[in-house]
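I have placed the structure first, in the form of structure tokens, so that the comments after it can refer back to it.
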Amino acid sequence: MFVLTVAAENQVPLIKGIHHPPQSTATVSITIIDVNESPYFTANPKLVRQEEGLLPGNVLVTFNAQDPDRYLQQTIRYAKLSDPGNWLKIDPVNGQITTIAVLDRESMYVKNNMYNATFLATDSGVPPMSGTGTLQIYLLDINDNAPQVFPKEVEICERPDPNAINITAIDADINPNAGPFIFELPYSPMDIKKNWTITRLNGDHAQLSLKIGSLDDGIYTIPIQITDSGNPSMSNTSYLRVKVCSCDMNGYCSGVAPIIGTGLGTGAIIAILLCIIILLTLVLMFVVWMKRRDKERQVKQLLIDPEDDVRDNILKYDEEGGGEEDQDYDLSQLQQPDTLEPDTIKPVGIRRMDERPIHAEPQYPVRSAAPHPGDIGDFINENLIYLNLMNQVKV
């Protein structure tokens, strides 16, 4: 509560005869109603300097927030809002921050040696209010990365005059854990030092050159041992791919394919293997489908009644009537058709499945052995009609 005394006075003096004091006063009381306000971190951002390589489970710092509502009995709870590398955790009660991963200065989440994480503080008011705070971790470098040769692939002329190529080293660490570097050729295999020599130009560069002029054109893998200046120092053997070739007058290699075309990459090999696996899978699925189809056909054949099978009632004859063979008649037998003896006499109702159906054949009158010449034409016509009927039955 605030208590104010307010005075009111006329700017112009009162006229004579007015019996009032020159001013009037009043007391004003102001009551302030409290509302819930957001908690705040006293140090925002909070900077911490820490050497990289800190293992998980170590306490890094305690990051506390204050509640401006001093007369309210409220509690504050903490939570993690942003942690790009998922390296940290915070105790929800006391705000203690602990590592859950190794702090790495060379990580993609670190910019200019600085790692940023944001935390949230929330009170228990109604409604609850919250505030954010940023923790900045400045990571100090340690010598935890070995140097590498750069570039990885080079070209060098072998003829007409042997020449040299300059190389350097790259190190993810920074000074004093990087250069100057020491470049050396290993003693094994023996032909490395026999054919090649390396000369240090300065702390970061060296020169690789051929010792002999009779080295065949081709692509060679040269091991180079590089040591940095850290304490303790780190050494690493990098492999440099060198294309040795005969150069033209302009100094360009000729006669050897580019290094990039010497082999298939990992992605191409994986793609080829995937295609082979897919092809084999399709072939296997086709074989399984064919076997299942054959099995279904066999089951259907077993379920069909042989008497209902239409295929057994279809007769095929590779004969045609009306040709020259059908016109080669034996007139003596045509005159006496009843004298012909059947090849076989079968009981009624017994026949082969591929035999023609038995139809009633027309009966012809018995003629004498020596017919009248005038009856021969009629006899031939009647038998022609009979042959036509038989051909129709066959069809």
Side-chain angles (χ1 to χ4, degrees), residues 56 80 82-87 100-102 104 106-109 148 151-155 216-223 237-243 245 253 255-326 342-361 387-395:
K80 184 170 64 173
S82 173
D83 183 13
N86 196 25
W87 291 352
I100 58 176
V102 178
D104 185 14
E106 291 76 32
S107 170
M108 60 181 293
Y109 305 109
Q148 302 284 336
K152 294 290 185 181
E153 299 173 351
V154 295
E155 294 180 355
D216 295 335
D217 293 356
I219 297 174
Y220 297 85
T221 301
I222 310 300
T237 300
S238 295
Y239 292 91
L240 178 66
R241 299 187 68 186
V242 180
K243 182 174 75 171
C245 60
C253 280
V256 179
I259 294 180
I260 194 172
T262 57
L264 292 176
T266 304
I269 296 175
I270 293 176
I272 293 174
L273 292 177
L274 287 177
C275 292
I276 294 175
I277 293 173
I278 293 173
L279 182 61
L280 293 177
T281 304
L282 292 176
V283 172
L284 181 61
M285 292 174 63
F286 179 75
V287 172
V288 172
W289 178 77
M290 290 295 295
K291 290 185 177 180
R292 183 177 297 177
R293 185 180 178 186
D294 293 341
K295 186 179 294 185
E296 290 178 355
R297 286 182 177 179
Q298 295 177 1
V299 172
K300 287 183 179 179
Q301 291 178 359
L302 294 175
L303 294 176
I304 295 176
D305 189 356
E307 296 181 357
D308 298 334
D309 194 355
V310 181
R311 294 173 297 179
D312 293 340
N313 298 326
I314 298 177
L315 303 178
K316 180 179 179 182
Y317 296 94
D318 295 330
E319 299 178 2
E320 295 182 358
E324 295 178 357
E325 296 178 357
D326 295 336
D343 294 336
T344 57
I345 300 176
K346 300 178 182 179
V348 178
I350 299 177
R351 63 187 180 90
R352 297 197 314 272
M353 295 298 295
D354 59 345
E355 189 176 355
R356 293 183 304 172
I358 300 176
H359 298 278
E361 299 180 358
L387 291 175
N388 290 331
L389 290 174
M390 294 301 296
N391 289 331
Q392 292 178 3
V393 171
K394 290 181 180 181
V395 174

Any idea which heavy atoms bring P56 and V102 closest together, and the distance? CD-CG2, 3.9 Å
Closest non-hydrogen atoms of E153 and L240, given as atom of the first, atom of the second and distance, are N-CD1, 4.1 Å
The side chain to side chain donor-acceptor pair (under 3.5 Å) partners of K152 (sequence neighbours excluded) come to Q148
Taking only residues two or more places apart in sequence or in another chain, which ones pass side chain to side chain donor-acceptor pair (under 3.5 Å) with D104? none
Quickly, which of L280, L274, I278 forms a side-chain contact (heavy atoms from CB on, under 4.5 Å) with I276? Name it, please. L280
Sequence neighbours excluded, the answer for side-chain contact (heavy atoms from CB on, under 4.5 Å) partners of L279 is none
Under the side-chain contact (heavy atoms from CB on, under 4.5 Å) rule, collect the residues that match up with P151, sequence neighbours excluded. V154
Say you draw a straight line from OH of Y109 to CG of N86; how long is it, rounded to the nearest 0.5 Å? 9.0 Å
